Amino acid sequence: MGTGRNLCEVSFLALSENESFARMVAAAFVLPLNPTVEELADIKTAISEAVTNAILHGYNQDGKGMVTMRFEREENRLTFVVQDNGVGIENVEKAMEPLYTSKPELERSGMGFSFMEAFMDSLLVESSPGNGCKVTMEKYICPLNDEASSETD
């Protein structure tokens, strides 16, 4: 169980209440791989940060746009894509700097991309003004070796 390929895509309104929904969908998608508590927490945090960015920055909290998540599993490699069609990012490199926030009035920490980078094995952010933002993250889940744990020699 939990090997092979799987794919999931879900879209929802850019409302902050859907952040927890996004975290739970990601967790449910990953569970067949039997992740550790830490791996699961890392994935949920990274997804939460990406979705929050889409809602707060992509759509300026207007609740009118859609956020799309696409999850893919190929053996133990997970790919997570969070995409919006919002305002986009003028300078992706600047936006990815730790502590940088375009909305200081919201008391944001500016650590969203840093968390995504720290908790995932790879992070790619694609965006330009007026064209939304696409965040692609990969995570490798260490497979459990059931045979090794059941050997008795």
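Keep in mind that what you see is a predicted model, and the values were worked out from it rather than measured.
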Please report the closest heavy-atom contact between [X] and [Y], naming both atoms and the distance.
X   : Y    : result
G63 : L15  : CA-CD2, 3.6 Å
I43 : A26  : CG2-CB, 4.3 Å
A22 : I47  : O-CG2, 3.9 Å
A50 : V135 : CB-CG1, 4.4 Å
E75 : L33  : O-CD2, 3.6 Å

Heavy-atom side-chain proximity of [X] to [Y] below 4.5 angstrom:
X    : Y   : value
M116 : N53 : yes
T68  : E9  : yes
V67  : N18 : no

query = If you measure from the Lys or Arg side-chain nitrogens to the Asp or Glu carboxylate oxygens, is any gap between E72 and R77 under 4.0 Å?
reply =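 Answer for the salt bridge query: no.
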
Any donor and acceptor pair, going by atom type alone, linking the side chain of [X] with main-chain N or O of [Y] inside 3.5 Å?
X    : Y    : result
S127 : G132 : yes
Y59  : M66  : yes
N6   : R73  : no
K139 : F119 : yes

The criterion is side chain to side chain contact (heavy atoms under 4.5 Å, CB included); which residues satisfy it with [X], sequence neighbours excluded?
X    : result
T136 : T79, V81, L124, E126, K134
N76  : Y140, P143
V10  : F21, V25, M69

request  = State, without any angle test, whether S48 and E19 hold a side-chain donor-acceptor pair at a distance under 3.5 Å.
outcome  =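 Yes, E19 and S48 have a side-chain donor paired with an acceptor closer than 3.5 Å.
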
ask   = If two hydrophobic side chains count as joined below 4.5 Å and joins carry through other members, does M24 share a cluster with L13?
value =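 In one cluster: no.
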
Gap separating the [atom1] atom of [X] from the [atom2] atom of [Y], nearest 0.5 angstrom:
X    : Y    : atom1 : atom2 : answer
D84  : I55  : CG    : CD1   : 9.5 Å
N85  : N131 : CG    : CG    : 9.0 Å
E49  : E117 : CD    : CD    : 13.0 Å
L40  : T36  : CG    : OG1   : 8.0 Å
S20  : K44  : OG    : NZ    : 10.0 Å
M137 : D121 : CE    : CG    : 11.5 Å

inquiry  = The criterion is ring pair (Phe, Tyr, Trp, His ring centres under 6.0 Å); which residues satisfy it with F71, sequence neighbours excluded?
reply    =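 Scan of F71 (ring pair (Phe, Tyr, Trp, His ring centres under 6.0 Å), adjacent residues dropped) gives F29, F80.
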
request  = Applying salt bridge (charged side-chain N to carboxylate O under 4.0 Å, His left out), name anything that partners E90, two or more places apart in sequence or on another chain.
outcome  =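 Counting only residues at least two positions away or on another chain, E90 forms no salt bridge (charged side-chain N to carboxylate O under 4.0 Å, His left out).
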
task = Mind checking salt bridge (charged side-chain N to carboxylate O under 4.0 Å, His left out) for E17 and listing every partner two or more places apart, or none if nothing turns up?
result =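 In terms of salt bridge (charged side-chain N to carboxylate O under 4.0 Å, His left out), with neighbours along the sequence ignored, E17 is linked to no residue.
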
